[in-house]
Number of protein chains: 4
Amino acid sequence: MPKSAVRISRKNTEVPKNNKNNCIKIGMIGVGYWGVKLARNFHELPGANLKIVADLKAERLKEINQLFPDVGTTPKYENVLKQVDGVVIATPVHSHYRLAKAALEAGKHVMVEKPITSKVSQARELVEIAKRNELSLMVGHTFVYNPAVEVVRKIVQSGELGDIYYINATRANLGLLQPDINVMWDLAPHDISILRYILGKDPTYVNAHGGVYVNSRSKLHEVVYLTLYFDNALVNVRLSWLDPVKQRRVTIVGSKKMLVYDDIIDNKVVVYDKGVELPPYSDTLTEEEFRASYRHGEEVSYPIEWVEPLRTECNQFLECIRTGCPSPSGGEEGLRVVQILETAQRSLLNHGCELKVEY
Amino acid sequence: MPKSAVRISRKNTEVPKNNKNNCIKIGMIGVGYWGVKLARNFHELPGANLKIVADLKAERLKEINQLFPDVGTTPKYENVLKQVDGVVIATPVHSHYRLAKAALEAGKHVMVEKPITSKVSQARELVEIAKRNELSLMVGHTFVYNPAVEVVRKIVQSGELGDIYYINATRANLGLLQPDINVMWDLAPHDISILRYILGKDPTYVNAHGGVYVNSRSKLHEVVYLTLYFDNALVNVRLSWLDPVKQRRVTIVGSKKMLVYDDIIDNKVVVYDKGVELPPYSDTLTEEEFRASYRHGEEVSYPIEWVEPLRTECNQFLECIRTGCPSPSGGEEGLRVVQILETAQRSLLNHGCELKVEY
Amino acid sequence: MPKSAVRISRKNTEVPKNNKNNCIKIGMIGVGYWGVKLARNFHELPGANLKIVADLKAERLKEINQLFPDVGTTPKYENVLKQVDGVVIATPVHSHYRLAKAALEAGKHVMVEKPITSKVSQARELVEIAKRNELSLMVGHTFVYNPAVEVVRKIVQSGELGDIYYINATRANLGLLQPDINVMWDLAPHDISILRYILGKDPTYVNAHGGVYVNSRSKLHEVVYLTLYFDNALVNVRLSWLDPVKQRRVTIVGSKKMLVYDDIIDNKVVVYDKGVELPPYSDTLTEEEFRASYRHGEEVSYPIEWVEPLRTECNQFLECIRTGCPSPSGGEEGLRVVQILETAQRSLLNHGCELKVEY
Amino acid sequence: MPKSAVRISRKNTEVPKNNKNNCIKIGMIGVGYWGVKLARNFHELPGANLKIVADLKAERLKEINQLFPDVGTTPKYENVLKQVDGVVIATPVHSHYRLAKAALEAGKHVMVEKPITSKVSQARELVEIAKRNELSLMVGHTFVYNPAVEVVRKIVQSGELGDIYYINATRANLGLLQPDINVMWDLAPHDISILRYILGKDPTYVNAHGGVYVNSRSKLHEVVYLTLYFDNALVNVRLSWLDPVKQRRVTIVGSKKMLVYDDIIDNKVVVYDKGVELPPYSDTLTEEEFRASYRHGEEVSYPIEWVEPLRTECNQFLECIRTGCPSPSGGEEGLRVVQILETAQRSLLNHGCELKVEY
């Protein structure tokens, strides 16, 4: 459990019953591509009662009416705040702060899509309001609920790989260009939340390089190379909306073994018993003796028991509301991710200079 | 043909005859792992007469005696210089300058392994001596003789991909750690020579990040991320001696199409008719209209007529000696590669700051 | 008048009378070295009625009792907020935000010492609260009320110096080391506010280098070299708490003339009719013809009509309260100064890398 | 004596006699503004016989004929090399390497104006040729022969100032814009040679910022701020060809005392018994106790016994020729200065990024 998480005490713990009316009442704001997936999950989950959904677009609300005839719809988010225990926000990033703040100030628990906000100061304010009002605040870092990531985390934390030397990650595909954020703010929350979760710490320095090609009017980068230093471990993340082949792959190289986590193929997690060891130092070492000894041992695929990460994430939100427990993707985690992104964005705009992350 | 290449005039053009005695006499210095491959090629090539091979290690010379009983061997490189027309140098990098200089000053044509030298000033001096003495100077940038690279180059130069947006390259495997150079100086000459050849120009800015993990005593980086700006085109090259899976892959993303060149698989070059186009700008553009239109067209594999690149390279050296023609991997090209590497090394030692390449 | 200043409309404009009871009621929080000077001015000014002063230290309040027996004293700043129209805050920087916010939220006009806050987000919040509540918010950028600075500004704005090439500034003396801020946050608000006032624009890029010597425990820099780019004009400011000779000097070099403003001597502002002009370009230009022609013309001292800047500043605050007019050192100006300082601080902690100022 | 200096052994030590014919024969190449001063000194010095002077400009040779009728003149530098023991080169920087190399290869001792060359590789080559041929190679770092600098050096080396915290230097005036080098290459050799001489070590990191204003065609900076890190000691040097007031001033702040060396005034070296000391750390320290204690002690002017530095420098060259002894401004020192300048120039062209000096 992340150090930053704090068990929230609260006065009235709500316990859901079989009766839908006794379930936790959930409202949603924003039901675009991702919002519909969230709505489906909350609609299906036994402990939840998806009461009402808000969206500015009539056609989307119509779609919700057809999919879930028992769920109310409204063009005004204010209507959502009145009827529910928890609010799920899946709108464009620029509106996260305003909507989450309104929900928290109305005394509602909040789950907001990643990134939590587009500014550190806004994220910090949300965390403070949630803490002050003893409300749960969760961010949609879906991958920390991914069973493959959980397996990777256990392997890394067990020490099986030895010290972590470096990590190479790629998250690339063709599209989806976002109108208000660049590819880093869109995709890197996944990698940063995975890395923080796996390594159990925060990066100290970052830098970022990238390019704007298709939509030069917007100045929003479509390709970004993000470098993070987790103490000595160098992590490079390639993020691209412009790649002919979809890739979601993380290679972790340790002093003892190496691991590849490929989210697209079936054998998602493979550990390679490979490595290099130098002979102990000696002044009379010949070049041949210098030659590192390479170890090419066996490859082991780790089985993954698949559960839809989004389902786990939604359940976690209900659990947080019920018990006040912290989540692995709470407001503090969301704040950290934005602190890292904001520093990386600064590097991106300043010739990729290496910058200390300001926490 | 690269602009920098200059046709060298010379007084005595040697024409090879059928008789081995009339062939171009080749001597070799250094017959380690790579040197033996070069020796085999020169031994087999009709126009060449591999006369003599030098190496400091007796066991290697013994191996040569067994492989090629008709070729002389010597522990002293000076003996090579006396008997041949052209000298092929395949020794550790730190000795390239001294040996190539000695050979050029002895009036011999020279082919030297990559990188040409470990310092710009040394490379420049070799280029100047070769020019002054009207001798051919070639560098072992093998990949510019690779038929797959030639196909990629023709596709790029034809404009089929449109403007080049960015390029992502990976050259990774487990080992071979070098005792005197880091992974960038070992592997990046391949990528830089490929990129210069394909794009027909030089990078203006570079930066590099990396890590030393196994051999921390040597301070030689085993993993390097190299960024090069060819005008607006961003190129990122991942170089690693510590990777569980061998990879040699280049993705080129253009405004019209995208290309993947994977040197390890059979279908080495594939062009994807994929892309993104934004609608023309309008103030009243809705978010939906903003959405870029993605084009997912056909994938075309380009056939490669395979010829061993090293064979082509060795033939090119003979051709240069015979006719004085320039090669696509001449001394000037070698110098440019070292200028880029030296600037990148500086970035590597200075927090990865972006630096203008000094040509 | 700065572009950012906005005329504040308000419902009740207070007009001071001869009778002290009809004057603007002023309260002070913090009466250390600088606070006493402010107290003296407000005590003397005809339009002001210095009602009450708060400080945590009894001895300081005792001093106030002796100096101004008609002024109330209290250890609690909350008592000040109840009795006055305007609040003057001269406490350590870390408390500015909290106290200014409390005063603004209590409906009081506020004048706060420089820098306005130690964080951009805090400064922005104060500006927003003041705007929302239609209150005056002023920052103690004393030098923009200095008659010598006013003369310099008029000369620069008149175009007499031509285009501004570069500016060199020094603000150095022995001490006063601050316990909670470094020398840049202590002294640079003066230079930045002077430069913005004189040049009428904001710097785009900054960098900073410096050192911590005496108080290495605090990590607060005692010497800082701050570089600011106002478009093409390069400005270097030397800030030091550790210098044997007190210096406050600004040299402005323009394309037509040069100016020296030395705040310590009597002839504070001198304009030098000096310059360099190159002959028009010609291919056949010899080295002699190349030689720039140096112009060593007359030096002119500009007379300054001296008025204590602090007196002018205090009067400005009263004027702002009375009429709602903007001041040349309003909250927006304070915010800009902190935005510049925060970016410079980031550079200071990141090897002096050049950073774009984030406004 | 600098560590890098090496006593040169030689076969024929020449001892000068009273008779001019037995004196050391000196030739000069280049007699512009500075060359004439050198000529005058060598003409006057008892141990020297100024034989011949070369310059491309007839008018300058005419001037030499009038000033020193007994000295030969020639437009061809080759004529100088034939007749002399030592050659003094005072030409534009770009010709230093070629002329010094020719002189050293002709077996002549060489004294060359600063900077020794415009490239590190050229300086290194000159040092190597001189060493190989057992010849003296001296660079015109005049200030290390300045009696005031010698006094400063003794004070610093004695430890009287304590640990050196930081140094601020200014070298500014109006003109002289050089046609082939920027202000840093023109003026900083003075400051760098002074700093190396005073501190007895080399800077590890440098950065530089500056501007091109008058001669934007040439891209040669007219104003440069150079930062050097001598271990922890921060040194900032302001260099300007565009300043209304001539300044040559160095402030050295140490842990015990502070020193100002002003080359323009009579009291060139003043030591201030000033400083700041913090009380020992305590958790219960109040703000008042925190306040550093400032010490404002006496100021002491150090007497300087004035000897023209150029005279001492010329004498040193004769001494080096006679005895083979090293000088405090030998070729190695010249090389170091160019290594520092080349790295600083790189920083100047790369947004002032901090770079490790490559020695």
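Just the heavy atoms: all of them, side chains too, but no hydrogens, waters or symmetry mates, feed the values below. Proteins come first, then strands; the chains are lettered A, B, ... in the order of their sequence lines, and each starts at number 1.
Chain C forms the most heavy-atom pairs under 4.5 Å with one residue out of D:Lys274, D:Glu222, D:Arg238, and that residue is D:Arg238. The greatest number of non-hydrogen atom pairs below 4.5 Å with chain D, out of C:Thr227, C:Asp163, C:Asn168, is found for C:Asn168. The most heavy-atom pairs under 4.5 Å with chain C, out of D:Ala233, D:Ser255, D:Gly210, come from D:Gly210. Comparing D:Thr251, D:Val253, D:Leu234 by heavy-atom pairs within less than 4.5 Å of chain C, the highest count is held by D:Leu234. The choice from D:Val270, D:Leu259, D:Val245 that makes the most heavy-atom pairs within less than 4.5 Å of chain C is D:Val245. Interface remark: of the candidates C:Gly352, C:Gly211, C:Gly175, C:Ala172, C:Gly175 forms the most heavy-atom pairs closer than 4.5 Å to chain D.
Judged purely by distance below 3.5 Å, without hydrogens or angles, the side chains of C:His209 and D:Asn236 never pair a donor atom with an acceptor atom. In the model, C:Gln178 has no side-chain atom that pairs as donor or acceptor with a side-chain atom of C:Trp241 under 3.5 Å.
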What's the verdict on side chain to side chain contact (heavy atoms under 4.5 Å, CB included) for C:Val212 and C:Leu220, showing C-alpha distance, side-chain angles and the deciding distance?
CA-CA 6 Å; C:Val212 183; C:Leu220 295 174; 5.8 Å; no
Test log, rule side chain to side chain contact (heavy atoms under 4.5 Å, CB included), inputs D:Leu199 and D:Ile164
CA-CA 9 Å; D:Leu199 298 174; D:Ile164 302 305; 4.1 Å; yes
Would you check, one step at a time, whether the test side chain to side chain contact (heavy atoms under 4.5 Å, CB included) holds for D:Gln345 with D:Asn182?
CA-CA 10 Å; D:Gln345 179 72 22; D:Asn182 67 23; 3.1 Å; yes
D:Met184 and D:His221: CA distance, side-chain angles, deciding distance, side chain to side chain contact (heavy atoms under 4.5 Å, CB included) verdict:
CA-CA 8 Å; D:Met184 182 175 73; D:His221 289 72; over 6 Å; no
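Residue D:Tyr205: no heavy atom, backbone or side chain, is found under 4.5 Å from chain C. Of the atoms belonging to D:Tyr213, heavy atoms from both backbone and side chain fall under 4.5 Å from chain C. The contact between D:Asn232 and chain C is made entirely by backbone atoms, counting heavy-atom distances below 4.5 Å. Only the side chain of D:Tyr272 comes within contact range of chain C, judged by heavy atoms closer than 4.5 Å. Interface residue C:Tyr165: backbone and side-chain heavy atoms are both found under 4.5 Å from chain D.
Qualifying side-chain hydrogen bond (donor to acceptor under 3.5 Å, both in side chains) partners for D:Thr91, counting only residues two or more places apart in sequence or in other chains: D:Ser95.
Looking at D:Asp262 and D:Arg249, a side-chain N of the basic residue comes within less than 4.0 Å of a carboxylate O on the acidic one, giving a salt bridge.
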